[in-house]
Number of protein chains: 2
Amino acid sequence: MAAKDRREELIAAAFRVMVRDGVVKTTTRAVVNEAKMPLGVFHYCFNSREELLQEVITRITDSGVAKARKVFEGEGDLGARIAKSLYTFWEGVELNPGEHQVGYELTHYALRQEGFEDLARRQYEHYLEVHEQLLAEAAESAGIKWTVPLPVLARYLNSVLDGVTLCWLVDRNSEHTREVLRLTGEHLMSLAAKAD
Amino acid sequence: MAAKDRREELIAAAFRVMVRDGVVKTTTRAVVNEAKMPLGVFHYCFNSREELLQEVITRITDSGVAKARKVFEGEGDLGARIAKSLYTFWEGVELNPGEHQVGYELTHYALRQEGFEDLARRQYEHYLEVHEQLLAEAAESAGIKWTVPLPVLARYLNSVLDGVTLCWLVDRNSEHTREVLRLTGEHLMSLAAKAD
DNA sequence: CGGTGTCTTGGACGATCGACCAACTACGAT
DNA sequence: ATCGTAGTTGGTCGATCGTCCAAGACACCG
């Protein structure tokens, strides 16, 4: 009935196809087939395939940011909060690996697509910003100061999470990954000092 | 003249195309065009495009392993060696970003390709193994023990390097990345204890 | 000389893709 | 009732892809 509703359904269908078959195989035909719509619908709702992918990228970025904020909710001292956040983050990865895999695929796709580089840049800009905010908030509520500049610490955290996720997507070694996250949590703790 | 030589040239040409245009656009025609050979050559030297990509993956893995070993060569105490290794690694990334980008693209490609998952798994298995060896060697030559199990420490190091590289490929913030690597080096130092 | 096997080549095939379009329907406003 | 706009559809176009093949070129061995 509504063109806008069709758009949303197609975006959701595209995301499902991506998780199942990968970004490369997410063709216009595969998407409309997943959404059980005739092929003609596609270019009535989207100017191009790229426009659809762009939409999916922003959705994933926003969803990732929101999820990160939710992960960090909680109480307790700094140590407990960090440990729980890392644990919750990892729960999310193991529960939904395809989503993260698609995220990386889209990042690399955007880096190669003329005019899409900014989209990837904004994606990581958001992630780094969120990590920075959460680290700052944690420091304030715990009454501590980070002994490392916040942007650096945020990049460090973001990198470790990206790295362990990528590595786990390949070899699925959950046990070692959890140990790495525990180690990272302890490291973060050691970078906190009493506030002035 | 030689079928085997053609093979090697095609592999090299394929790698060049990948770095320039990405894995997805590395078609049989693009490769033979890069190598300045007629199209028919391709399926005389390779049974399929997948066979070529498989060959490129193993080359990149081997080259990465060799480069990692070379990066770790050097003298001095543990701190200097770690710092220099991280610095040399990062020099390599900044000097040749495309190569690393292709590496990640191929990993994700392999994860999606039926029967190629093992190739990606072996790739990371090698990397982790090399990091483990280098960390063990460093500990021995410095007369220290790692206070964290070696496989975990290797995965941690591998993850940080992967993560910062990926992040830098997107936002090209060299300054913060170097600080993260410095931080990581100090962290590793803090995980060393005098051997028994 | 003839033949046998390794190269080399241009062209062609079938499949799949993104994109487009003309025709059809439904429905509210005039 | 008529018109116009938004929605809907199946079919089709041109481009590009991986793959294959038949025919020619070359060299070595009998």
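So you know, we letter chains A, B, ... as the sequences are listed, proteins then strands, and number each from 1. Predicted model, so just to flag it, every value in this text is computed and none were measured.
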Quiz item: Within less than 4.0 Å of OP1 or OP2 of dT9(D), is there a side-chain N or O belonging to R6(A)?
Solution: yes

Where do N or O atoms of nucleotides 15-19 of chain D meet protein N or O atoms at under 3.5 Å, pair by pair?
{"residue": "dG18(D)", "atom": "OP1", "partner": "T28(B)", "partner atom": "N", "Å": "3.4"}
{"residue": "dG18(D)", "atom": "OP1", "partner": "R49(B)", "partner atom": "NE", "Å": "2.9"}
{"residue": "dG18(D)", "atom": "OP2", "partner": "T28(B)", "partner atom": "N", "Å": "2.9"}
{"residue": "dG18(D)", "atom": "OP2", "partner": "T28(B)", "partner atom": "OG1", "Å": "2.7"}
{"residue": "dG18(D)", "atom": "N7", "partner": "R29(B)", "partner atom": "NH1", "Å": "2.8"}
{"residue": "dG18(D)", "atom": "O6", "partner": "R29(B)", "partner atom": "NH2", "Å": "2.9"}
{"residue": "dT19(D)", "atom": "OP2", "partner": "H43(B)", "partner atom": "NE2", "Å": "3.1"}
{"residue": "dT19(D)", "atom": "OP2", "partner": "R49(B)", "partner atom": "N", "Å": "2.8"}
{"residue": "dT19(D)", "atom": "O5'", "partner": "H43(B)", "partner atom": "NE2", "Å": "3.3"}

Self-check item: Distance in angstrom units between D5(B) CG and dT6(C) C1', rounded
Solution: 14 Å

Quiz prompt | Value in whole Å for how far the P atom of dG18(C) lies from CD of Q54(A) | solution = 17 Å

Quiz prompt | Phosphate contact (dG7(D) OP1 or OP2) by Y44(A) side-chain N/O below 4.0 Å | solution = yes

Exercise. Inspect the contact between R59(B) and E55(B) and indicate whether a charged nitrogen and a carboxylate oxygen are less than 4.0 angstrom apart.
Key: yes

Quiz item: Would R81(B) and E137(B) pass as an ion pair if we require N to O under 4.0 Å?
Solution: yes

Quiz item: Any sub-3.5 Å donor-acceptor pair from R7(A)'s side-chain atoms to C45(A)'s backbone N or O?
Solution: yes

Exercise. Grab the CE-P distance between M37(A) and dG7(D) for me, whole Å please.
Key: 13 Å

Self-check item: Aromatic ring pairing H108(B)/H108(A), orientation class (parallel under 30°, perpendicular over 60°, tilted between)
Solution: tilted

Practice problem: Can you tell me the distance, in whole Å, between the CD atom of Q113(A) and the P atom of dG18(C)? | Solution: 12 Å

Quiz item: To the nearest Å, how far apart are L10(A) CG and dG18(C) C1'?
Solution: 15 Å

Practice problem: Please identify each residue that fulfils salt bridge (charged side-chain N to carboxylate O under 4.0 Å, His left out) with K25(A), with sequence neighbours left out. | Solution: none

Practice problem: Evaluate the ring planes of F42(B) and F46(B), with Trp represented by its six-membered ring, and classify them as parallel (under 30°), tilted (30 to 60°) or perpendicular (over 60°). | Solution: tilted

